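First the structure, in the form of structure tokens, and then the observations on it.
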Amino acid sequence: MPILNLPSIKFFRGASYGPGPTKVPAEMARRLPRVKRLAVIPETLGTENPIVIEQLEALALINQADAMSELIALPSVGEVSAQAIFATRPEGGYHDYEQLRSLNAELSRVDWDAVEAW
């Protein structure tokens, strides 16, 4: 189940979630695309005080990545796709998803809609 940083209490299928960092059903997460996703540092999972961090939106991750290996976390992006995305990234980063898609049009295996929704 994804963890979202809910700004207020949300109701979904008879249950309430939030506010704050909250595990939610995947279907609910897909319906709240503008809510920041959170990640738990794996080593702290199950401890009394797990460390929770905000995940970057896909475009921000792509633009801020220091290594192509960071892009493999994106859906349908493997090593070859990550290398191409990293290599074609303009100085200052991609302006939007349209530019990302057009500069990487040869990457037919990448599900760009899934990357954008991540």
Side-chain angles (χ1 to χ4, degrees):
M1 285 178 39
I3 301 171
L4 299 182
N5 190 20
L6 299 174
S8 60
I9 294 175
K10 302 286 183 192
F11 297 93
F12 184 75
R13 298 207 170 162
S16 62
Y17 300 89
T22 309
K23 281 186 177 184
V24 300
E27 183 180 349
M28 179 181 176
R30 283 191 298 274
R31 293 180 183 198
L32 298 170
R34 300 224 181 266
V35 174
K36 293 217 182 264
R37 291 179 180 265
L38 301 175
V40 178
I41 304 295
E43 297 79 29
T44 67
L45 192 62
T47 65
E48 193 172 305
N49 295 309
I51 298 172
V52 179
I53 57 172
E54 285 188 2
Q55 279 187 330
L56 293 175
E57 175 207 357
L59 194 61
L61 172 67
I62 291 167
N63 285 336
Q64 295 176 21
D66 292 324
M68 67 172 196
S69 60
E70 295 176 59
L71 306 182
I72 295 173
L74 297 169
S76 73
V77 174
E79 279 187 45
V80 172
S81 299
Q83 185 175 9
I85 292 168
F86 197 73
T88 61
R89 183 175 66 186
E91 183 79 25
Y94 295 99
H95 296 292
D96 53 30
Y97 287 104
E98 186 59 39
Q99 183 186 35
L100 172 65
R101 289 176 191 226
S102 67
L103 291 177
N104 294 285
E106 76 283 358
L107 300 177
S108 60
R109 291 189 175 179
V110 174
D111 180 349
W112 294 111
D113 292 331
V115 169
E116 190 171 345
W118 182 79

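Computed from a predicted model, the values in this text were never measured in an experiment.
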With sequence neighbours left out, write down each residue that passes side chain to side chain contact (heavy atoms under 4.5 Å, CB included) with P90, or none if nothing qualifies. Y94, Q99, L103

Under the rule for side-chain hydrogen bond (donor to acceptor under 3.5 Å, both in side chains), what residues qualify as partners of S16, not counting sequence neighbours? none

Give me each pair satisfying salt bridge (Lys or Arg N to Asp or Glu O under 4.0 Å) with a member in residues 97-109, each pair once, sequence neighbours excluded. R101-D113, R101-E116

Quick one, N63 and R89 - any side-chain contact, counting heavy atoms below 4.5 Å? yes

Using a 4.5 Å cut-off on heavy atoms from C-beta on, say whether the side chain of W112 contacts that of Y97. no

Mind checking the CD1-CG spacing from I85 to N104? Nearest 0.5 Å is all I need. 5.5 Å

Can you give me the closest heavy-atom contact between F86 and A65, atom names plus distance? CE1-O, 3.4 Å

Report all side-chain donor-acceptor pairs from residues 69-83 shorter than 3.5 Å, counting only partners two or more places apart or in another chain.
from, atom 1, to, atom 2, distance (Å)
E70, OE2, D66, N, 2.8
E70, OE2, A67, N, 3.1
S76, OG, D111, N, 2.7

